[in-house]
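Let me begin by presenting the structure, written as structure tokens, before commenting on it.
Reminder, nothing fancy here: chain letters follow the sequence lines and each chain counts from 1. For clarity, every value in this text was computed on a predicted model and none was experimentally measured.
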Amino acid sequence: MASGAKQTLVEVVQEPLKLERYVDFVQDDGAGAIATFSGVTRDNFDGKRVVRLDYEAYAPMAEKKMLELCQAAHERWALKAAAIAHRVGEVCIGEASVVIAVSSAHRREALEACAWAIDELKATVPIWKKEVYEGGKVWKENADARQAMLAASQK
Amino acid sequence: MASGAKQTLVEVVQEPLKLERYVDFVQDDGAGAIATFSGVTRDNFDGKRVVRLDYEAYAPMAEKKMLELCQAAHERWALKAAAIAHRVGEVCIGEASVVIAVSSAHRREALEACAWAIDELKATVPIWKKEVYEGGKVWKENADARQAMLAASQK
Amino acid sequence: MKVNVLFFARSREIAGVSETVLELKAGATSQDLLESLLREYPLLKEITGSCVLALNQEYLAQDEAKALRDGDEVAVIPPISGG
Amino acid sequence: MKVNVLFFARSREIAGVSETVLELKAGATSQDLLESLLREYPLLKEITGSCVLALNQEYLAQDEAKALRDGDEVAVIPPISGG
């Protein structure tokens, strides 16, 4: 677990993710809105029957990128708190691989930041999933991955 | 509780809302994404110290409108399931007055439908909140309430 | 005919009751009911400009004169503030 | 100098190890390291076009020749797919 500013929690974990933990973290007496997003293993992809997903992370860099992502969200929106957790290892059908929770005084900020955060995570955080389907396994690639452009854009 | 299509749950309840109940309801093996929104009593409004909110509903009509809202969301997005719950009575600081949970195969649909649903609920569902602050009470009006236009637009 | 009338939020506080039954003559419309309501609860006048009626759980337009039937349920709906 | 190299996902499977230590001469850059890696793990060639390197947990641009220092950590990053 890496916790930068008081209002930010990011972690890469082995155990099943509990949404409640992250909602509790972003609770704040000044928050009127809490938005969450859970990415869940679904049972099919392109007509193939999916058995499970296997996740692997470059954990310290993933937590660093998730922390930067939360900080960028705090700068962009008036948020009370933000939490991002990603699971690694086997994630079965119906289980969450990623959970994001965001709180803010007004609803628009939490909703927008939550939707933005999952897009950013998929584009920038060094985590990989292998799809285990009936009859094979394959490493996936996020359509919107843009780690290759990141270094260039930081200059 | 009113449950129309299998994939829809709406209810107006007295008890504290548990996010888990609605997330469990929208779980679906074909769902890759679950988005939630919780509207929470916050401790201040326009610089006034808020003690709690008192909610009152025209419960059967509220559930009917929430059900119509879920059905409209199902028509507009490819959703797996949607749940909306609103609490009535006293809702203290940090407690949720409304919870929305939506699941879909892909993330965009659940996120958009969830954000849309809370806007629609605030604009169309016959529920009222009275703000109890230090030194007084006042009935609130949603800035975007449009029940007055609804009948006309239905013709 | 008899029509059940429900009051909520500020309209309930002003009327002093949460529901009542109005006796209307056959053929009465939602506008007739509103006039009848204002005779019985004159203080409601201060908020009728911001209220709408719902007939059997469907909103009516503000100036709509919808025919009523015995047993109908009409609700006085002040500006909503759910969420 | 010594540089720690980490492999993930497909690059890990192709290299057959999850990490290694490369001995590089002073003044070597991330491009020198990449060449050195491809000599040691020639099969990595099939994916280097889609991979980037991260130096001490920061992405490098694909053609970037960044000076390395003893003890640096370099990771081979195939296309990511978290979420």
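- For B:Thr41, the part sitting under 4.5 Å from any heavy atom of chain A is the backbone (N, CA, C, O) and nothing else.
- Ranked by heavy-atom pairs shorter than 4.5 Å toward chain A, the options B:Leu111, B:Val23, B:Thr36 are led by B:Thr36.
- Heavy atoms of B:Ala31 lying under 4.5 Å from chain A belong exclusively to its backbone.
- The most heavy-atom pairs under 4.5 Å with chain A, out of B:Ala105, B:Gly30, B:Gly32, come from B:Gly32.
- By number of non-hydrogen pairs under 4.5 angstrom with chain A, the leading residue of B:Leu19, B:Ile118, B:Asp119, B:Asp29 is B:Asp29.
- A salt bridge does not link B:Asp28 to A:Arg42: none of the charged side-chain nitrogens sits closer than 4.0 Å to a carboxylate oxygen.
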Output a table of donor-acceptor pairs, distance under 3.5 Å, between side-chain atoms of residues 44-54 of chain A and any protein atom two or more places apart or on a different chain; print 'none' if there are none.
residue: A:Arg52; atom: NE; partner: A:Asp54; partner atom: OD1; Å: 2.7
residue: A:Arg52; atom: NH2; partner: A:Asp54; partner atom: OD2; Å: 3.1

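- The contact list for residues 88-102 of chain A toward chain B, using heavy atoms and a distance under 4.5 Å, reads A:Ile93, A:Gly94 by residue number.
- Ion pairing of A:Asp144 with B:Arg108 is absent here, as no side-chain N (NZ or NE/NH1/NH2) approaches a carboxylate O to less than 4.0 Å.
- Both the backbone and the side chain of B:Ile34 come within contact range of chain A, with heavy atoms under 4.5 Å apart.
- Interface residue A:Gln27: only side-chain heavy atoms are found under 4.5 Å from chain B.
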